[in-house]
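One-based numbering, in listed order, for ligands and for the atoms of each. No hydrogens, no waters, no symmetry mates; every other heavy atom, side chains included, goes into these values. Worth saying up front: this structure is predicted, and the values here are computed from it rather than measured.
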Amino acid sequence: MAEIDLGVIDLGIGRPHHAVLPVAEISAASLRVAAGGSRDGLQYGPDPGMYDLRSLLAHFLSAQYGLEVRSQELVMTYGASHALDLVLGRYTQPGDTVLVEDPTYFFALDVLRGRGVRPIPVAMDQQGIVPDDLRQQLRTHSPRLLYTVPTFHNPTGIVHTSARRQEVVALTKEHDCWIVADEVYHLLCDGTRPKPLRAYSADNVLSISSFSKILAPGLRLGWVEAAPRHIDQLLQCGVFRSGGAASPYVSSIVEEVITLGDLDRVLIGLRTFYADRMRGVVAALRHELPAEVTFEDPGGGFFLWLRAPATVDFEHLRDRARDMGVDYRAGSLFSCHGSFANCLRICCTYYSEQETREGIVRLGQFLRRTFS
Ligand SMILES: Cc1ncc(COP(=O)(O)O)c(C=O)c1O
C-alpha cells in the first residue's frame, strides 16, 4: 500500500490519477508507429488535422454518441483549451460579451479574459442553466456565444438534463447566439445520460473536447466538432495556415490506439474507475462532513461541490485548512463576480483511493472545527 504523504493533500487538483494514464497502450501504439517507418507524422499535415485520425475519431464518436459525426465536421486542436481559444479568436472581438455558467471552469474564464472578452454569468440550478436567467441575459447583452460544460460540469459535477439542453438550445437560437459546449467529460458517462449538445442542434452548437480525460492530457490533442460552415471559419486561423495539422506525430499514435480498439477498452475501464471512485468519495463525505455542509452526488465525473452557510468564506479559510493538511478550490474562483464564497470544489480523481480518503478525513476535521 502506498505511503500517505503527510504534507497537504490538495483535493482541489483536477487531474486524472497517474495509475489510469494508459502507458501500456500508448507505448504499444508508439512502437507500431515507429516500426511502420512512415514519415507522415514527421511532416506538416493538412490544416483540419490528419485525415486518418479525423475519420477514425468521427467513427468512434458516432458509435459513442449514437449520433452521426462526420470527419468534415472535425478540426483537430491542441486540446479543448486551445479549441476554446480558437473559437473565441474567430467569433469574438475584444470587448464582446460571452455568457458563462455561474459557477464555471475557472481556466475558461482566463481564456476568455486573454481574448479581451467580457464574461457574463448565467444562473444554474441542479438541472443545468436556468432558462429565465438565460433569457434575461440574452436580451440584455445580445452575446455572440454561450460557453457551457453540460456533462459533469466543472466545478459542480452537474449533468444538464435533456429538457434543459433542449430549452437552452432553443433560447440561444432565438437570439442568434451560438453555444460552445465544452464536453471533455461527456464520454466518461454511460449511454443512459443525455446526448451531447449537438444532438439538440447540429448547427447552433460547436462542441469542443479532447483526449485529455479519455486517454491522457499530456497528448495535447483535442477537437472542435461543428457544422462545416463553422469549420471553414475556424480554418481561417493563421495558426493552421502556418503550422498545418495539430500534432501529426501524436495523431499517428492516437490513430493506432483507436485502430487497436484500445480507446474503447480504456474508456470502459475509466468509467468504472471514476464511478467507483465517486461512490467511495460520496460515502466518505457523508460520514465525515458536519451537517452545515451539503452536496449533491453527481454520480460520476471528477468534481464535487460543497456548500456551507452563506456567511462562510472558504478562500479566507484556506490557510487554516492547509494547516490541517488539506486544500480545496474556493467557490469564488469559479465565478466572474466572485460569488459562491461559501462553496468549495473538490476533485476525487487525482490521488490514490487511500490518499483521497485521508484527504476527506482531514477536510471533515477542518470543517467540523470551522462549525464547532
Ligand atoms: C471543463 C474543462 N474544459 C477543458 C479542460 C482542459 O482540457 P484540455 O486538456 O483538453 O485542454 C478541463 C480540464 O480540467 C476542464 O475541466
Side-chain angles (χ1 to χ4, degrees), residues 10-18 20-22 26 49 53 57 61 74-89 98-115 119 122 124 128-129 145-160 179-189 196-197 205-225 234 239 246-247 250-251 254 263 267 270 274 277-278 298 300-305 328-329 331 333-336 345-351:
D10 185 358
L11 294 176
I13 298 174
R15 295 181 175 191
H17 184 43
H18 254 55
V20 302
L21 299 176
I26 299 290
L53 176 61
L57 180 61
L61 292 176
L74 293 171
V75 56
M76 303 310 297
T77 66
Y78 301 98
S81 312
H82 172 230
L84 174 59
D85 189 62
L86 177 67
V87 172
L88 292 172
V98 169
L99 301 186
V100 298
E101 290 149 342
D102 201 26
T104 189
Y105 172 48
F106 64 104
F107 284 134
L109 289 175
D110 284 350
V111 178
L112 263 67
R113 289 178 185 129
R115 284 283 176 185
V122 186
M124 287 182 79
I129 291 174
L145 300 171
L146 162 70
Y147 169 77
T148 171
V149 185
T151 303
F152 295 143
H153 177 255
N154 184 356
T156 62
I158 288 169
V159 179
H160 296 207
I179 298 178
V180 183
D182 184 337
E183 301 191 299
V184 290
Y185 300 104
H186 186 88
L187 290 168
L188 297 182
C189 64
L197 224 54
V205 177
L206 295 92
S207 170
I208 62 176
S209 192
S210 75
F211 293 102
S212 292
K213 313 294 178 190
I214 58 172
L215 275 179
L219 296 168
R220 303 311 311 139
L221 200 60
W223 62 88
V224 181
E225 180 210 332
L234 298 177
V239 170
S247 301
V250 173
S251 298
V254 173
L263 184 55
L267 198 47
L270 285 177
Y274 288 132
R277 180 56 72 87
M278 185 57 82
F302 277 39
F303 304 110
L304 278 142
W305 186 240
Y328 50 76
R329 295 295 170 272
L333 185 65
F334 302 90
S335 170
C336 42
R345 184 196 80 176
I346 61 169
C347 170
C348 60
T349 60
Y350 180 62
Y351 289 97

Practice task
State if Tyr185 counts as touching ligand 1 under the rule of any non-hydrogen atom under 4.0 Å.
Solution key: yes
Practice task
Please determine if Tyr147 has a nitrogen or oxygen closer than 3.5 Å to a nitrogen or oxygen of ligand 1.
Solution key: no
Fill in the blank from the handout: Within the 4.0 Å heavy-atom cut-off, what Lys213 brings close to ligand 1 is side chain
Handout entry: Nearest candidate to atom 10 (O) of ligand 1, where distance is taken over non-hydrogen atoms, out of Ser210, Ala216, Ala83
Key = Ser210
Exercise for the section: Ignoring angles and geometry beyond distance, decide whether Val149 reaches within less than 3.5 Å of ligand 1 through its nitrogen or oxygen atoms. Expected result: no
Handout entry: Point-to-point distance, once rounded to the nearest 0.5 Å, from CZ of Phe211 to CE of Met76
Key = 5.0 Å
Problem - Minimum-distance pair of heavy atoms, taken over all atoms of Gly14 and Cys347 - result: CA-SG, 3.7 Å
Practice task
Answer side chain, backbone, both or neither: which part of Arg15 comes under 4.0 Å from ligand 1, heavy atoms only.
Solution key: neither
Problem - Distance in Å, Phe107 CZ paired with Leu112 CG, rounded so as to fall on 0.5 Å steps - result: 14.0 Å
Practice task
Write out the residue and atom name of the closest protein heavy atom to atom 9 (O) of ligand 1, then the distance separating them to 0.1 Å.
Solution key: Ser212 OG, 2.7 Å
Handout entry: Check: Phe302 ring centroid to Phe152 ring centroid under 6.0 Å
Key = no
Fill in the blank from the handout: Of all protein heavy atoms, the one nearest atom 1 (C) of ligand 1 is Asp182 OD2, 3.4 Å
Handout entry: Check against side chain to side chain contact (heavy atoms under 4.5 Å, CB included), Trp223 and Leu61
Key = CA-CA 12 Å; Trp223 62 88; Leu61 292 176; 3.8 Å; yes
Practice task
Would you indicate which of Gly79, Pro217, Ser81 comes nearest to atom 11 (O) of ligand 1 when only heavy atoms are counted?
Solution key: Ser81
Problem - Heavy-atom check, side chain of Leu88 versus side chain of Leu145, under 4.5 Å - result: yes
Exercise for the section: May I ask you to check whether Glu101 and Thr148 show a side-chain donor-acceptor distance below 3.5 Å? Expected result: yes
Fill in the blank from the handout: Nearest non-hydrogen protein atom to atom 5 (C) of ligand 1, with distance, is Tyr105 OH, 3.5 Å
Fill in the blank from the handout: So for Phe302 against ligand 1, with non-hydrogen atoms under 4.0 Å, the contacting part is neither
Practice task
Find the distance between CG (Leu215) and OG (Ser210) and round it off to the nearest 0.5 Å.
Solution key: 9.5 Å
